[in-house]
Asker: 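Pasting in a structure now, in structure tokens, and then I'll have a few things to ask.
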There are 2 protein chains.
Amino acid sequence: MNISEVAKRAGIPPKTIRYYEEIGLVAPPRDTNGYRAFRDSDMHKLAFLSRARALGFTIENCRTLLALWEDQDRASADVRRLARDHLTEIEAKIADLEEMRDTLSSLVKACAGDDRPDCPILKSLGDAPL
Amino acid sequence: MNISEVAKRAGIPPKTIRYYEEIGLVAPPRDTNGYRAFRDSDMHKLAFLSRARALGFTIENCRTLLALWEDQDRASADVRRLARDHLTEIEAKIADLEEMRDTLSSLVKACAGDDRPDCPILKSLGDAPL
DNA sequence: GCTTGACCTTCCAGTTACTGGAATCCCTAT
DNA sequence: ATAGGGATTCCAGTAACTGGAAGGTCAAGC
């Protein structure tokens with residue numbers, strides 16, 4: 001299977017797949033013409049990566065997950081820990097963003113948004129408690 | 001005022017302040033010894049930047065906001081538009097993260113997390129609908 | 001057999017917003 | 001004179017791609 005076909009099926013751009021090969025996440029063999037010849041196993045790995053990335057796992061965590069996936073003797077506890085840690089990070093990020101959202105949204109509401117210079121947004125950013 | 005004092009007051013590391021100078025966000029004059037001599041106006045700018053960054057604005061948006069802040073003839077509509085666009089992006093990010101969180105959290109719940117290899121998390125990542 | 005266009009390849013550079021580290025200089029106090 | 005704690009510059013690295021250039025390959029149509 002050629003790269004564009006794999007890309008379409010896995011939902012990952014060809015460039016990214018080449019990058020994944022470069023950093024050792026996949027290692028498709030080559031045809032005599034130099035083209036990458038993806039096997040089913042490569043395809044499956046890439047689909048796995050696509051989903052893991054969609055859940056926000058870092059590349060390094062994806063690498064670990066992939067290794068666990070391929071290790072028939074893994075302990076599910078290892079997987080779970082990784083996922084839980086990641087979940088915690090996501091929750092922290094959400095909390096940060098929600099705080100930004102709340103502040104920002106109240107500022108936006110308070111701003112007239114007309115052609116006058118008076119602006120609560122800039123005022124709030126400007127009056128620092130030094 | 002020396003850089004470490006400014007850093008402390010603005011809540012920005014000295015390295016970051018030097019970086020901000022490098023990209024033209026601030027331009028403190030120099031003492032005869034080559035040290036940056038921050039004026040009050042520099043201090044205020046940095047405090048402004050610190051808050052804008054805390055609200056998640058990109059550096060480029062901060063640059064724009066700073067320019068609007070200093071422009072007495074700005075229209076508040078320009079500020080508001082920028083803030084609203086940013087708010088929209090934040091909301092989108094939150095939505096993405098919430099989806100990740102929900103998926104991840106249900107997977108984590110479903111996983112025993114013991115020493116056996118059976119794992120719904122890996123299973124879910126693995127069974128791609130090709 | 002040749003051209004055309006769609007693929008494929010590699011390599012280099014750029015993105016965001018810093019951050020770490022090395023080498024060197026400056027100031028103050030003992 | 002020396003020791004420490006700052007300050008300076010410059011170089012490199014981070015995460016995860018992405019864009020673009022230069023060039024090789026393949027299948028189809030004439």
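As the structure is a prediction and not an experimental result, all values here were calculated from the model. The sequence lines fix the lettering, A, B, ..., with proteins before strands; numbering per chain opens at 1.
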Asker: Tell me whether the side-chain N/O atoms of B:R30 come closer than 4.0 Å to OP1 or OP2 in D:dT9.
Answerer: yes
Asker: May I ask you to verify if any side-chain N or O of B:R18 is less than 4.0 angstrom from the OP1 or OP2 atom of C:dG20?
Answerer: no
Asker: Please classify the nucleic acid contact of A:I23 as base, sugar-phosphate, or nothing, using heavy-atom distances under 4.0 Å.
Answerer: nothing
Asker: Check this one for me: any side-chain N or O of B:T16 less than 4.0 Å away from OP1 or OP2 of C:dT19?
Answerer: yes
Asker: Is A:R53 atom CZ crowded by more than 12 heavy atoms from other residues, nucleotides or ligands, each under 6.0 Å away?
Answerer: yes
Asker: Once you apply a heavy-atom cut-off of 4.0 Å, does A:P14 come out as touching a base, just sugar-phosphate, or nothing?
Answerer: nothing
Asker: What pair of heavy atoms forms the shortest contact from A:R51 to B:S124, and how long is it?
Answerer: NH1-O, 2.7 Å
Asker: Check the distance between D:dG6's C1' and B:D31's CG and give it to me in whole angstrom.
Answerer: 14 Å
Asker: Do other residues, nucleotides or ligands put more than 12 heavy atoms under 6.0 Å from A:E70 CD?
Answerer: yes
Asker: Under 4.0 Å between a side-chain N/O of A:Y20 and OP1 or OP2 of D:dC17, yes or no?
Answerer: yes
Asker: What pair of heavy atoms forms the shortest contact from B:G126 to A:W69, and how long is it?
Answerer: CA-CZ2, 3.8 Å
Asker: Within the pair B:N33 and C:dC27, is there a side-chain N or O less than 4.0 Å away from OP1 or OP2?
Answerer: yes
Asker: Does a side-chain N or O of A:R36 approach OP1 or OP2 of C:dT9 to a distance below 4.0 Å, or not?
Answerer: yes
Asker: Mind calculating the distance between CD (A:E22) and P (C:dC12) to the nearest angstrom?
Answerer: 11 Å
Asker: Considering every strand and a 4.0 Å limit on heavy-atom distances, what is the contact class for B:F57: base, sugar-phosphate, or nothing?
Answerer: nothing
